[in-house]
S.K.: 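Provided herewith is a single structure, encoded as structure tokens, for subsequent inquiry.
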Amino acid sequence: MLRRVFPKNMALSLDNNTGVVRPATDAYAAEAVQALKAGKVIAVPTDTLYGFACDACSLEAVNRIYEIKGRKHTSPLAICGGDVSDIDHFAVTSHLPRGLLDSLLPGPVTVVLSRGDSSILERSLNPGFDSVGVRVPDCNFMRVVARGSGTALALTSANLSGQSSSVCIKDFENLWEHCAFVYDGGLLPSGRAGSTVVDLTTPHKYKILRPGSAKEETIAILEKHSLVEVVTT
């Protein structure tokens, strides 16, 4: 699995005077789950960047994320699951080599797959798109929350559309007011690169859609499983 090592002295930037900010620890996971089930948007750390998360099956919550970011609905949202086995519920994986997803995830990778007819995702999510990006971050808090939610979570970077990605909660302090809670995991070590996005919709082939923070490691795993890169001319 691709891993991101977090520094042992990673300091929380918790502001006790700010009611929405919480430490990203297991003690607050149940609170986060309840907020998601109530159709709220929360801000969370991942293994790459801070993100906004909500119940992907709540059209109101999804629309709220677009409003917060000032993002056009033509830009699709990714899905987050707590475990690699969850991906089968969201998208078609039967064409993938055995063990591929377990080698890539959890980790700083977004896999783009066809939704198929059996996907539990609402058709109102990312209308017009037959594929969906799926993440299983190597972040314990995010995975505990995703498991507890019992559903797919929509996940996107915590910033205004077009602005720099966030590696600490202060980077998007102007957006805290729009979140039910902001969970602080300290300074993230990704360097704002975000996850590596790879299209795996075509059997035996792959296409890197965004280099991200783990391009070389991702390609090495894909080619070890005999996938061939799609080269656009």
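All residue numbers in this chain count up from 1 along the given sequence.
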S.K.: Using a cut-off of 6.0 Å, state whether more than 12 heavy atoms not belonging to D130 lie near its atom CG.
M.R.: no
S.K.: Could you measure the distance from the CD1 atom of I221 to the CG atom of L105? Nearest 0.5 Å is fine.
M.R.: 9.0 Å
S.K.: To check you understand the geometry: which heavy-atom pair defines the closest contact between G82 and A146, and what is its length?
M.R.: N-CB, 3.5 Å
S.K.: Starting at NZ of K215, measure out to CD1 of I208 and round the result to the nearest 0.5 Å.
M.R.: 7.0 Å
S.K.: Is there a donor-acceptor pair under 3.5 Å between the side chain of K207 and the backbone N or O of E229?
M.R.: no
S.K.: Could you tell me whether a side-chain N or O of Y66 sits under 3.5 Å from a main-chain N or O of S75, the two making a donor and an acceptor?
M.R.: yes
S.K.: Counting heavy atoms not belonging to R98, are there more than 12 under 6.0 Å from its CZ?
M.R.: no
S.K.: Does NZ in K69 sit with more than 12 non-hydrogen atoms of other residues, nucleotides or ligands closer than 6.0 Å?
M.R.: yes
S.K.: Is the backbone of A43 close enough, under 3.5 Å, to the side chain of W176 for a donor and an acceptor to pair up by distance?
M.R.: no
S.K.: Between T48 (side chain) and P108 (backbone), is there a donor-acceptor pair under 3.5 Å?
M.R.: no
S.K.: Please identify which of these residues, V134, L200, L209, meets the side-chain contact (heavy atoms from CB on, under 4.5 Å) condition with V112.
M.R.: L209
S.K.: Hey, is the main chain of L77 close enough, under 3.5 Å, to the side chain of N126 for a donor-acceptor pair?
M.R.: yes
S.K.: Measuring from atom OG1 of T196 to atom CZ of R210, what distance do you get when rounded to the nearest 0.5 angstrom?
M.R.: 7.5 Å
S.K.: So which atom in Y183 and which in P45 form the shortest heavy-atom distance, rounded to 0.1 Å?
M.R.: O-CD, 3.4 Å
S.K.: Please check this pair: side chain of S58 against backbone of A61, looking for a donor-acceptor N/O pair closer than 3.5 Å.
M.R.: yes
S.K.: Enter the distance from L227:CG to Y206:OH here, rounded to the nearest 0.5 Å.
M.R.: 8.0 Å
S.K.: Does N63 offer a backbone N or O that forms a donor-acceptor pair with the side chain of H73 under 3.5 Å?
M.R.: no
S.K.: May I ask you to say whether R143 pairs ionically with D83, meaning some side-chain N is under 4.0 Å from a carboxylate O?
M.R.: yes
S.K.: Rounded to the nearest 0.5 Å, how far does NE2 of H204 lie from CG of L96?
M.R.: 10.0 Å
S.K.: Any donor-acceptor pair under 3.5 Å linking the side chain of S114 with the backbone of S131?
M.R.: no
S.K.: What are the two closest non-hydrogen atoms of I42 and A35, and how far apart are they?
M.R.: CG2-CB, 3.9 Å
S.K.: D171 side chain to S166 main-chain N or O, any donor-acceptor pair under 3.5 Å?
M.R.: no
S.K.: Looking at CD of E122 and CG of D55, how far apart are the two atoms once the value is rounded to the nearest 0.5 Å?
M.R.: 8.5 Å
S.K.: Determine whether the side chains of N159 and S157 contain a donor N or O and an acceptor N or O closer than 3.5 Å.
M.R.: yes
S.K.: Check step by step if side chain to side chain contact (heavy atoms under 4.5 Å, CB included) holds for V109 and V198.
M.R.: CA-CA 8 Å; V109 180; V198 56; 4.0 Å; yes
S.K.: Looking at S119 and G116, would you say the former's side chain and the latter's main chain have a donor-acceptor pair under 3.5 Å?
M.R.: no
S.K.: Compute whether any side-chain donor of one residue and acceptor of the other, for S195 and T110, lie under 3.5 angstrom apart.
M.R.: yes
